[in-house]
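Only a predicted model underlies this, so the values are computations on that prediction, with no experimental measurement involved. Just so it is clear: chains get the letters A, B, ... in the order the sequence lines come, proteins before strands, and each one is counted from 1.
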Amino acid sequence: MSEAKATTNFIRQIVDRDLAEGKNDGRVVTRFPPEPNGYLHIGHAKSICLNFGIASAYQGQCHLRFDDTNPEKEDDEYIQAIQDDVTWLGFEWSGPVRFASGYFDRLYDYAVALIRQGLAYVDTQSPEQIAEMRGNFTTPGRHSPHRDRDVDENLALFEKMRDGGFDEGAAVLRAKIDMANPNLTLRDPILYRIRKKAHHQTGDKWVIYPMYDFTHPLSDAIEGITHSLCTLEFEEHRPLYDWLVEHAAIEAKPRQYEFSRLNLNFTVTSKRRLKLLVDEGHVNGWDDPRMPTLAGLRRRGYTPAAIRNFCESVGVSRADSVIDMSLLEEAVRDDLNQHAPRAFCVINPLKLVIENWPQDHEESLEVPQHPQDESMGTRRMPITREVFIDQDDFREEANKKYKRLVLGDRVRLRYGYVVRAHDVVRDDQGEIIEIRCSYDPDTLGKNPENDEGQGKLRGVIHWVSAVHGVPCEVRQYDRLFQVANPAKVPEGGHFLDTLNPDSLRVLSRCLVEPALANAEPGSRFQFEREGYFCVDQDSDAQRRVFNRVVGLRESWPREA
RNA sequence: UGGGGUAUAGCCAAGUUGGUAAGGCAGCGGGUUUUGAUCCCGUCAUUCCCAGGUUCGAGUCCUGGUACCCCAGCCA
């Protein structure tokens with residue numbers, strides 16, 4: 001039921017403590033800082049929910065800031081898609097959409113200020129030399145021969161960098177920190193590099209671009225971010241973050257805190273791999289319903305509330321973890337069970353002829369949209385002499401655990417009458433193509449008189465009128481990968497090796513009840529006894545396509 | 001290999017001055033049910049990575065191990 005209640009986590013405890021100590025004048029300002037180089041996925045949802053969630057829990061603010069410092073990988077396409085996803089998830093950022101690139105001028109000034117303080121220098125070594133001089137885990141780095149250039153020369157050189165006087169790779173600006181530090185990010189980290197590429201926001205104004213490590217803390221400080229939340233891999237960057245905040249002479253002192261990223265089994269959540277799936281055509285785009293992207297989940301039929309509840313339920317900690325896909329699925333079921341109207345859809349149709357039903361007789365049954373929620377109203381469902389039921393709902397013989405139609409036995413057509421199967425009709429191959437049955441007219445809305453000594457009905461099955469049923473296509477999805485951890489590739493293998501070849505099953509001979517003939521793309525239903533479905537955007541008046549969001553929980557005896 | 005992290009049930013995760021292991025998901029058993037769904041009830045860690053130690057008392061403190069994750073981009 002309802003929104004999962006927020007449990008505490010270490011981030012909230014830090015905020016509580018800061019507030020108790022009166023830090024930041026009681027302000028709480030967070031930010032969600034995506035790089036526009038791909039679509040957002042379920043892992044980002046965790047970060048979005050955390051950042052926006054903290055802000056709203058403390059009457060604070062959360063900024064949306066594009067961390068766009070690398071024009072080579074970024075694209076305008078992603079900027080709109082990311083905003084759409086955040087909005088769709090149900091969050092509203094405070095103020096305008098921000099861009100790190102919007103701070104390039106100020107960032108440049110901060111860099112100049114560092115140079116003036118003797119804390120940064122222009123290094124004109126080659127990339128190879130710089131890498132080689134950095135040392136490694138066991139060997140300390142060595143000073144660049146340019147480390148002690150005087151301030152004026154550095155200023156002139158940095159200006160020359162800015163003005164295009166160097167080729168790409170010919171010079172970088174570095175912070176002067178500690179080449180022997182065991183933390184490699186402190187070995188005179190590069191602050192600016194030369195890229196003669198147009199930037200999606202700043203055009204060709206710049207040929208030098210600041211690095212993430214330089215940009216992020218200063219952007220946070222500029223925006224007055226109080227709590228800068230990021231994932232664990234940035235932990236060793238924190239000393240540099242603090243160093244820059246310390247030396248850049250900005251009043252604000254944002255603090256960085258790291259949490260573990262969200263991993264889901266049987267899928268991948270790395271932009272690189274997701275992009276590969278798209279680029280090589282293993283899926284049909286970023287919004288393919290099998291993708292763990294927000295766009296994919298949305299198209300699949302996931303609701304924002306389901307994803308928010310899911311993120312709440314997985315919690316926030318610093319321990320590496322892999323969340324079971326079933327938790328995500330349970331989150332949508334929970335939401336859709338409450339809110340999705342019910343409908344009948346026969347996936348694999350098998351004709352059922354009610355022999356004692358008058359030839360052209362029709363009845364219109366009034367059935368609830370949601371059996372547990374009267375406020376959702378009712379709909380009309382026509383029943384006729386011939387209906388379709390699912391092939392899986394009929395057997396010529398079965399033990400009593402099989403709660404569906406069996407030759408010679410009775411079952412209820414849900415919301416309609418009780419029928420008894422008498423006979424089957426076969427085609428030339430011997431396949432059953434039709435069931436002949438009779439109905440008991442006195443069983444609408446009540447149980448049959450028990451004078452036949454039959455005991456209880458076997459069960460209840462769904463059906464669709466053969467006359468009024470609407471043809472549709474159903475797309476059933478399965479996990480994208482066959483192994484729990486596709487990112488763990490064995491020696492000599494490739495992560496694509498474990499792609500699930502049956503992740504998409506298209507069933508095109510399905511029949512849905514007429515009430516759904518004009519269902520809007522994006523609308524969601526529970527197809528009773530089948531699962532939750534969402535009208536795909538490929539649907540139109542001619543063709544109706546339903547995506548299976550997730551099946552109903554199933555718990556019936558294997559032997560039946 | 002140097003540094004930085006993390007270990008509580010099948011999967012997550014609370015546990016903050018040491019006081020006798022929350023909660024969710026999964027599982028199991030039962031009840032209601034015109035969806036094998038939902039809903040409801042019950043059950044599910046004598047034990048917290050391991051080994052010692054301190055203490056009346058340790059998941060929490062101390063010592064020593066072990067396992068896993070991250071870092072050697074002019075990516076973020």
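Using a 4.0 Å cut-off, some side-chain N or O of A:R553 falls inside it from OP1 or OP2 of B:A26. The phosphate of B:A13 (OP1 or OP2) has a side-chain N or O of A:S317 nearer than 4.0 angstrom. Applying the 4.0 Å criterion to OP1 and OP2 of B:G15, one finds that A:Q13 has a side-chain N or O inside that range. OP1 or OP2 of B:A37 has at least one side-chain nitrogen or oxygen of A:S555 nearer than 4.0 Å.
A ring-centre distance under 6.0 Å is not found for A:Y241 and A:H237. Checked against a 6.0 Å centroid threshold, the rings of A:F533 and A:F546 do not count as neighbours.
If you run salt bridge (Lys or Arg N to Asp or Glu O under 4.0 Å) between A:D393 and each of A:R404, A:R412, A:K403, A:R458, only A:R404 comes through.
Here the P atom of nucleotide B:G27 and the CD atom of A:E554 are 12 Å apart, to the nearest Å. A straight line from CZ of A:R414 to P of B:U38 spans 14 Å, rounded to a whole angstrom. Here the P atom of nucleotide B:C68 and the CD atom of A:E235 are 19 Å apart, to the nearest Å.
Across all strands shown, A:R412 has heavy atoms under 4.0 Å from base atoms, whether or not it also approaches the sugar-phosphate.
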Letter per nucleotide, 5' to 3', of nucleotides 69-76 of chain B [B base touched, S only sugar-phosphate touched, - untouched; heavy atoms, 4.0 Å]: SBBB-BSB
Report the secondary structure of RNA chain B in dot-bracket form, marking unpaired bases with a dot and bases paired to a different strand with |, and treating Watson-Crick or G-U pairs with both distances under 3.5 Å as paired. .(((((((.[[[..)...(...]]].(((((.......))))).....[[[[[..)....]]]]])))))).....
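In this structure a side-chain-to-backbone donor-acceptor pair under 3.5 Å is present from A:D68 to A:S101.
Below the 3.5 angstrom threshold, one finds a donor paired with an acceptor across the side chain of A:Q526 and the base of B:U35.
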